[in-house]
Amino acid sequence: MSTVYELLLLIPVLLLSLSLHEFMHGYVSYKLGDPTPKAQGRLTLNPLAHLDPIGSLVLVLTRRFGWAKPVPINPNYYKKPRQGMMLVSLAGPGSNFFLAAVFALIARVIVYFSSASLYQLQMAGYGNLVQTFFVFFQLAVIINLSLGFFNLLPVPPLDGSKILMGILPPKFDKYIRKLEGPYGMILLLLLAYTGVLWSIIGPLVNTIYGILL
């Protein structure tokens, strides 16, 4: 039964987290002079403009990883295309880390005004409304930390690959681009299925979660 509750709580977290992630990509690109995101109707928090059915399903199934439809951008509008791409790519994961911090703060406020301790609320599950709210924000923290670190992996089409291209000299671009297309996504799904993906980002998520909550 707890799995059903968790899935119901996951839906609004999914809608907000993925939508804000893609919105921030588009917003930063737009502020750097690129009209493409606005022209494509992506400067919105409306989930219908951003959600990818497969990426959303993967997030629901794994409760850790997922993706939305990439926001179309044109770095030719930037004064410094490589640096601009890096900033646009950082904006997505950055929004997830911001949400994680906000949700953690709300969870701590719930603990502060609750008669139960943090440990008791974490262990209690869905016993009452206060516990359900706490579990919701706890789940939101975990999801956003996972999305943030997942997207920082330097594997196309994730944001980390574009950040890496902005850091490395241009001569290395061709090696990163070899993973673009289906190859990078196949690699990510394989890593997720075998559990290797969580072994990479799990310690980071657990460490930051421990600091926040």
Side-chain angles (χ1 to χ4, degrees), residues 3 5-31 34 36-73 85-107 135-163 180 182 184-189 191-193 197-198 200-202 204-205 208-209 212:
T3 301
Y5 279 122
E6 191 169 303
L7 288 175
L8 290 175
L9 295 178
L10 177 64
I11 292 174
V13 176
L14 162 71
L15 295 177
L16 175 60
S17 304
L18 291 181
S19 297
L20 183 62
H21 180 107
E22 294 303 325
F23 168 80
M24 287 305 300
H25 281 317
Y27 179 75
V28 173
S29 187
Y30 177 73
K31 296 301 287 186
D34 177 18
T36 311
K38 185 175 183 180
Q40 295 293 321
R42 300 299 296 275
L43 292 187
T44 175
L45 289 175
N46 183 353
L48 297 178
H50 302 293
L51 293 188
D52 177 270
I54 302 300
S56 301
L57 178 62
V58 170
L59 182 54
V60 169
L61 293 176
T62 65
R63 302 176 207 176
R64 292 292 184 276
F65 320 114
W67 59 88
K69 292 187 295 185
V71 173
I73 61 172
M85 276 297 297
M86 186 165 63
L87 290 174
V88 170
S89 300
L90 281 167
S95 70
N96 293 125
F97 293 134
F98 172 77
L99 281 178
V102 171
F103 288 136
L105 178 61
I106 297 173
V135 171
F136 170 79
F137 291 112
Q138 180 187 39
L139 178 65
V141 172
I142 295 172
I143 290 296
N144 277 281
L145 289 177
S146 300
L147 285 173
F149 286 117
F150 171 66
N151 278 282
L152 286 178
L153 292 175
V155 179
L158 299 181
D159 300 321
S161 64
K162 301 176 182 65
I163 296 170
E180 289 182 343
M185 191 57 66
I186 291 173
L187 175 61
L188 289 171
L189 291 174
L191 291 175
Y193 180 77
L197 193 54
W198 183 246
I200 296 172
I201 71 171
L204 295 171
V205 171
I208 304 302
Y209 175 84
L212 293 175

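Counting begins at 1 with the first residue of the sequence.
- Note that CG of Leu191 is 9.5 Å distant from CZ of Phe150, once rounded to the nearest 0.5 Å.
- The two atoms that bring Asn151 and Pro93 nearest to each other are CB-CG, 4.0 Å, heavy atoms only.
- Here the side chain of Lys162 pairs a donor or acceptor atom with the backbone of Pro157 at under 3.5 angstrom.
- Note that the CG atom of Leu18 and the CG atom of Leu15 stand 8.0 Å from one another [nearest 0.5 Å].
- Considering only residues two or more places apart in sequence or on other chains, Asp52 meets the side chain to side chain donor-acceptor pair (under 3.5 Å) condition with Trp67.
- For the atom pair CG of Leu158 and CG of Leu187, the computed distance is 9.5 Å after rounding to the nearest 0.5 Å.
- The closest donor-acceptor contact from the side chain of Ser29 to the backbone of His25 lies at 3.5 Å or more, if one exists at all.
- Atom CG in Leu87 sits 14.0 Å away from atom NZ in Lys31 (nearest 0.5 Å).
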| said: Between Asn144 and Phe98, does the side chain to side chain contact (heavy atoms under 4.5 Å, CB included) criterion hold? Intermediate values first, please. | reply: CA-CA 9 Å; Asn144 277 281; Phe98 172 77; over 6 Å; no

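- Within a 6.0 Å sphere centred on CZ of Phe137, heavy atoms belonging to other residues, nucleotides or ligands number more than 12.
- The two atoms that bring Met86 and Ile163 nearest to each other are SD-O, 3.7 Å, heavy atoms only.
- In this structure the side chain of Leu90 never reaches within 4.5 angstrom of the side chain of Asp159, judged on heavy atoms.
- Taking both residues in full, the closest heavy atoms of Gly41 and Ala49 are given as O-CB, 4.0 Å, listed atom of the first, atom of the second, then distance.
- Among all heavy-atom pairs drawn from Leu212 and Ala104, the shortest one is CB-CB, 3.7 Å.
- Side-chain contact between Tyr209 and Gln138 is present, with heavy atoms from C-beta onward closer than 4.5 Å.
- A 4.5 Å side-chain heavy-atom check between His50 and Thr44 finds at least one atom pair inside the cut-off.
- Between Pro72 and Arg42, the closest side-chain pair of non-hydrogen atoms falls below 4.5 Å.
- Every residue two or more places apart in sequence or in another chain that forms a side-chain contact (heavy atoms from CB on, under 4.5 Å) with Ile200 is listed here: Leu153, Val196.
- The structure places CG of Asp34 at 6.5 Å from CD1 of Ile73, a figure rounded to the nearest 0.5 Å.
- For the ring-ring contact (aromatic ring centres under 6.0 Å, His included) test, no residue two or more places apart in sequence or in another chain qualifies with Tyr30.
- Shortest non-hydrogen contact noted between Ser19 and Pro47 is OG-CA, 3.2 Å.
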Verdict with supporting geometry, Val205 and Ser146, side chain to side chain contact (heavy atoms under 4.5 Å, CB included):
CA-CA 6 Å; Val205 171; Ser146 300; 3.9 Å; yes

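- By the 4.5 Å heavy-atom criterion applied to side chains, Asn96 and Ser17 are counted as neighbours.
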- Can you list the steps and then say if Leu14 with Ile143 is a side chain to side chain contact (heavy atoms under 4.5 Å, CB included)? CA-CA 8 Å; Leu14 162 71; Ile143 290 296; over 6 Å; no

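- Residues Leu43 and Lys38 approach most closely at CD1-CB, 3.6 Å, considering heavy atoms.
- Side-chain atoms of Phe23 and Ser95, non-hydrogen and from C-beta on, never get closer than 4.5 Å to each other.
- In this structure, CG in Leu16 is found 5.0 Å from CZ in Phe103, a value given to the nearest 0.5 Å.
- By the 4.5 Å heavy-atom criterion applied to side chains, Leu147 and His21 are not counted as neighbours.
- Side chains of Leu152 and Phe97 form a contact here, defined as non-hydrogen atoms less than 4.5 Å apart.
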